[in-house]
Amino acid sequence: MHGWDELPFVPDLMSRLEQAYSKLAYDVTAVREPDRKTVRRSWTDASEEQYRIVHVISHGTTMPAGRGRTKAAEGSERLAMVPSCGDTGVGTDVSLWVQEANGLPHPMLFLVDLCRAGRTARIAQLAQIPDDQLHAWVIAATSPDRAAYDGAFSTAVAEVLEEIAANGLDTSPLLRYVRWDRVTSAIQLRLSEINSRQKVHSTKVDTSQPLELPFFANPNWVSDPRLERLQAVEPPVRAFVADLGAEHFMDRVGDHFVGRTRQLAELAPWVDDPACGGLRVVTGAPGSGKSALLGSLVCAGHEEIVRAAPDIRKHLAAQQPDGVPSPNPMLAAIHARNRDLEAVVTSLALQWRLAGRDTGSAEPWTVPDLIEALALLPAVPPLIFDALDEADDPVDLMQRLLLPLVEGVRPDGQPIVRLLVGTRRGTRFQPLLGQAARRGTLLDLDDVPVDELRADLAHHLVLRLAGLPDYCDASRRSVRTTLAQTIAATLTKDPRATQEWGPFLVARIYGRALETLEAPADVEAAEELGASVPLTLPGVLELDLSLHPEGPRLRAVLAAVAWAKGEGFPTDAVVCVAPEFDPEVGDHNVRMLLEAGRFYLRTGVESDGSTLYRLFHQGLADYLKALPYSTGGPE
C-alpha cells in the first residue's frame with residue numbers, strides 16, 4: 001500500500017478468523033490484499049448475495065471531502081477502508097456500506113477493524129431508527145478519533161467466536177442466538193486484555209428489550225416450545241415450577257415428589273372455595289415438603305402455568321385427583337426467595353390485573369394501593385405465598401404486606417384475600433404463626449402421623465425407583481417396593497432424627513445416590529440397603545458426593561452456587577468463586593461440573609441471555625455455605 005505501513009499480522013489472523021466463522025457454520029469468502037476495484041466489487045457481491053457478516057481488517061482513514069461522495073452519504077461521518085493500492089476512492093467508504101446495508105431486506109453485521117472505526121457505529125441517519133427496524137449492525141474496533149493496533153480487535157473477535165462455538169458464551173438453551181450485548185461485552189473484555197488502549201464501539205441497543213439478532217447461533221439451544229412458554233411466566237410464579245422440579249416432568253417423572261396426600265386433598269378445595277377463611281400457614285423443617293406442597297397447588301391452579309405447560313397439571317392430577325385445584329384466573333402466587341416488598345407488590349398487581357393505576361406510571365404500587373384495589377374485585381382471590389423466610393427482608397414483608405392482607409376486610413365483610421403462606425418456623429414469624437394457630441389453620445408438616453408420613457415417602461420412592469434402569473424391570477418389582485418401604489420406615493423410625501432436615505429432602509437425595517450404588521440382588525439385600533439410608537442432609541449429601549469421581553470439585557462448584565442470590569450465579573461467577581473451595585476447579589472444567597451437578601441445580605436466564613444457577617433447596621445452600629470444603633480442606 002503506497003504510503004501505508006504493511007500489516008504483517010493480517011495473513012495469520014485471517015486464517016484464524018476463517019476457521020472461527022466456519023465453526024459457526026458460516027461459508028466464508030476471504031478477500032486478501034484487494035485493490036480498490038476488488039473492494040468495490042466485493043461489497044457489491046456481499047450486498048447482493050445476502051451475506052450475513054462483513055469483517056474488515058486494514059488501515060482506515062477519513063475520506064477527503066468530495067471524494068467518492070454520494071447523495072446518500074451527505075452529512076455523514078465517513079470512514080474509508082484503505083485498499084492495497086492505497087486509493088480510497090469510490091467503493092471504499094465503509095460508512096456508506098453500513099447505510100446501504102440498512103436498506104437491504106436481511107440483517108447484516110459489520111465487524112470493522114480500522115483506525116477510527118467507531119465512526120461507522122455512529123452514523124447519524126441510523127441513530128433515529130428503532131432497534132426492531134434496523135438492518136445494519138456494527139461492532140467497531142475503536143472510537144471515532146482513535147487508532148486501532150496490531151489486529152487486537154480481530155484477535156478478540158476470533159477468541160469470542162471460538163468460545164461461542166465451544167459453549168455459546170454460556171447462553172441459556174432457551175435462546176436460539178447469543179444476544180448482542182453478550183457478544184459485544186465479551187469482545188470488549190478480550191480486547192481489554194490484549195490492548196488496554198482500545199475500546200469497542202457498537203450499535204447502541206435498548207438492552208431492556210433483548211433482540212434475537214441472527215448472527216451467532218447458540219450451540220446450547222434446544223428447541224422446546226414448552227420451556228419457552230414457561231420462561232415467559234412471571235418470575236415469582238415461575239419459581240414454583242422450578243422448585244417443584246416440574247420444568248422437565250416429561251423427562252424424569254419419578255424424580256419429582258408430590259407426596260403429602262392428605263394435606264393436598266385438604267388445601268385444593270380451599271384454593272377453589274371463595275367462602276373459605278382468610279389465612280392458612282404451612283410450616284415445617286427444611287426439606288419437610290412445604291415447597292412441593294404449595295408448588296403442586298400453584299402449578300395445577302395458576303392459569304398462566306396451566307396455559308404454558310398443561311402437562312404439569314395432568315401429571316399432578318394423575319397422581320392425586322383430589323389434590324388438584326381448578327385452574328383459577330384469580331389465583332396469584334409469589335415465591336419470595338430473594339425478593340423485596342416492591343417486587344412482590346408489583347407482581348401481585350400484575351397477576352390480579354388490578355385497575356386504578358396507569359400502566360405506564362413510574363410510581364410503584366404500595367400496599368395501601370393494593371388493598372384498596374383488591375376491595376373492588378368481584379370475589380375474594382386466593383394468594384399462595386411461599387418461602388417467606390427466604391425473602392430479602394422476611395419480617396418487613398410479613399409486617400407491611402402479609403399481616404395487613406390478613407386484617408383487610410372488603411365492604412361486604414369478607415377478607416381481602418385468602419392467604420396461604422409457606423415458611424419455616426421462627427420467633428420472628430410468631431405474629432403470623434400465632435394468628436393461624438388461633439384460627440386453627442396452622443399446618444405443621446412435622447406434626448403428622450408416622451404412618452401417613454411413611455406412606456407418602458414410600459410412594460415417592462417407588463416412583464423414583466421405577467424410573468431407574470436397575471429397578472424398572474417387571475422382575476424387580478418386589479426389590480424396588482421393599483427398598484422404598486424400608487427407606488421410608490428407616491427415615492420415620494425416629495422423627496426427631498430427621499426433623500432438622502426433613503425426611504423428604506433426605507429421601508430425594510438418596511434417590512440420586514441409588515443411581516450409582518449397586519442395586520440389591522434380592523429382597524433381603526434391598527432391606528439391608530434401605531436400612532442404611534443416612535438420616536440427615538449432611539449424611540446423604542456426603543454419601544452422594546463420595547460416589548462421584550469428581551466429588552471434591554463438584555462440592556466446590558455446588559458450594560459456590562450456594563452463595564447465589566436472586567435467580568442465581570452465571571458461570572463466570574462460579575469460575576471466580578469455586579477455586580476458593582478447591583483450586584483444581586477452573587474455567588477448564590467448571591461447565592462439566594455444573595452439568596454433573598444438574599440434579600442439585602435450578603437454572604434461570606440473565607438479562608444478557610446467560611444461564612444462571614442456584615441450588616434447588618435452601619437447606620442445601622445453608623449446609624454448603626457452612627461447610628464448603630471437602631474433608632482435609634481448610635477450616
Side-chain angles (χ1 to χ4, degrees), residues 7 9-32 42 46 50-58 81 94 97-98 101 106-114 117-118 120-121 136-142 148-173 175-195 198-203 205 210-221 570-572 575 587-588 590-591 606 608-611:
L7 302 175
F9 55 82
V10 168
D12 289 344
L13 188 49
M14 285 193 68
S15 296
R16 183 179 182 183
L17 285 166
E18 283 184 70
Q19 295 178 25
Y21 282 115
S22 296
K23 288 179 181 178
L24 295 177
Y26 277 105
D27 293 326
V28 180
T29 300
V31 183
R32 292 175 168 82
S42 296
Q50 297 194 8
Y51 275 63
R52 186 57 53 85
I53 295 178
V54 174
H55 192 133
V56 185
I57 312 174
S58 185
M81 169 191 171
V94 180
W97 300 353
V98 175
H106 59 280
M108 182 179 285
L109 170 63
F110 292 85
L111 290 146
V112 186
D113 195 354
L114 306 173
T120 57
W137 303 82
V138 177
I139 306 176
T142 189
Y149 298 92
D150 303 326
F153 170 76
S154 290
T155 300
V157 169
E159 291 181 6
V160 171
L161 295 178
E162 290 160 357
E163 190 171 352
I164 291 174
N167 57 50
L169 294 182
D170 300 308
T171 296
S172 167
L175 302 179
R176 187 168 185 174
Y177 299 99
V178 182
R179 284 186 173 158
W180 176 259
D181 49 335
R182 186 82 176 144
V183 174
T184 55
S185 296
I187 294 173
Q188 178 60 68
L189 178 63
R190 304 307 188 283
L191 182 59
S192 298
E193 295 169 352
I194 297 168
N195 187 316
Q198 287 185 230
K199 182 176 176 60
V200 168
H201 281 240
S202 61
T203 303
V205 300
L211 292 170
E212 293 292 317
L213 296 175
F215 300 126
F216 304 108
N218 176 19
N220 305 321
W221 177 62
T571 303
D572 291 347
V575 170
D587 195 46
H588 66 288
V590 75
R591 292 172 183 83
E606 181 61 285
D608 67 355
S610 57
T611 300

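The basis for the numbers below is simple: all heavy atoms, side chains too, and nothing from hydrogens, waters or symmetry mates.
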Would you check, one step at a time, whether the test side-chain contact (heavy atoms from CB on, under 4.5 Å) holds for Ser172 with Asn220?
CA-CA 7 Å; Ser172 167; Asn220 305 321; over 6 Å; no
Can you check side-chain hydrogen bond (donor to acceptor under 3.5 Å, both in side chains) on Thr171 and Asn218, steps first, answer last?
CA-CA 7 Å; Thr171 296; Asn218 176 19; 4.8 Å; no
From CA spacing to verdict: side-chain contact (heavy atoms from CB on, under 4.5 Å), Val183, Ile164
CA-CA 9 Å; Val183 174; Ile164 291 174; 4.3 Å; yes
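Residues Leu17 and Val28 fail the side-chain proximity criterion, which asks for heavy atoms closer than 4.5 Å. Side-chain atoms of Arg182 and Asp608, non-hydrogen and from C-beta on, do get closer than 4.5 Å to each other. Looking only at side-chain heavy atoms (C-beta outward), Val205 and Asp181 stay at 4.5 Å or farther from each other. By the 4.5 Å heavy-atom criterion applied to side chains, Thr184 and Trp137 are not counted as neighbours. The side-chain heavy atoms of Phe9 and Thr155, taken from C-beta on, include no pair separated by under 4.5 Å. The shortest side-chain heavy-atom distance between Val54 and Met108 falls under the 4.5 Å cut-off.
Nearest heavy atoms, Leu161 versus Ala20: CB-CB, 3.8 Å. The minimum heavy-atom distance between Leu7 and Pro11, with the atom names listed, is O-CD, 4.0 Å. The minimum heavy-atom distance between His55 and Val157, with the atom names listed, is CE1-CG1, 3.9 Å. The two residues Ala152 and Ile194 make their nearest non-hydrogen contact at CB-CG2, 3.8 Å. Residue Gly151 comes nearest to Leu13 through the heavy atom pair O-CD2, 3.6 Å, listed as atom of the first residue, atom of the second, then distance.
For the pair Arg32 (side chain) and Val10 (backbone), a donor-acceptor distance under 3.5 Å is absent. Put simply, the side chain of Gln198 gets close to the backbone of Ala141: a donor and an acceptor are under 3.5 Å apart. A distance-only check finds a donor-acceptor pair linking the side chain of Asp113 to the backbone of Ser154 [under 3.5 Å].
The one candidate from Ile57, Leu111, Asn195 that meets the side chain to side chain contact (heavy atoms under 4.5 Å, CB included) condition with Phe153 is Leu111. Each of Arg16, Gln19, Lys23 was checked for a side chain to side chain donor-acceptor pair (under 3.5 Å) with Glu162, and the lone residue meeting it is Arg16.
Distance check, rounded to the nearest 0.5 Å: CZ of Arg591 to OG1 of Thr611 gives 10.5 Å. Atom CG of Leu169 is separated from atom OG of Ser610 by 9.5 Å, given to the nearest 0.5 angstrom. Taken to the nearest 0.5 Å, the CG atom of Leu213 stands 8.5 Å off from the CG atom of Leu109. Expressed to the nearest 0.5 Å, how far NE2 of His106 lies from CD of Gln50 amounts to 5.0 Å. Distance OG/Ser42 to OH/Tyr51: 8.5 Å, rounded to 0.5 Å. For the atom pair OG1 of Thr203 and CH2 of Trp180, the computed distance is 4.5 Å after rounding to the nearest 0.5 Å.
In this model, a donor atom of one side chain and an acceptor atom of the other lie less than 3.5 Å apart for Ser192 and Gln188.
Between Tyr26 and Tyr21, the ring planes are perpendicular. Angles over 60° get that label, and only those under 30° would be called parallel.
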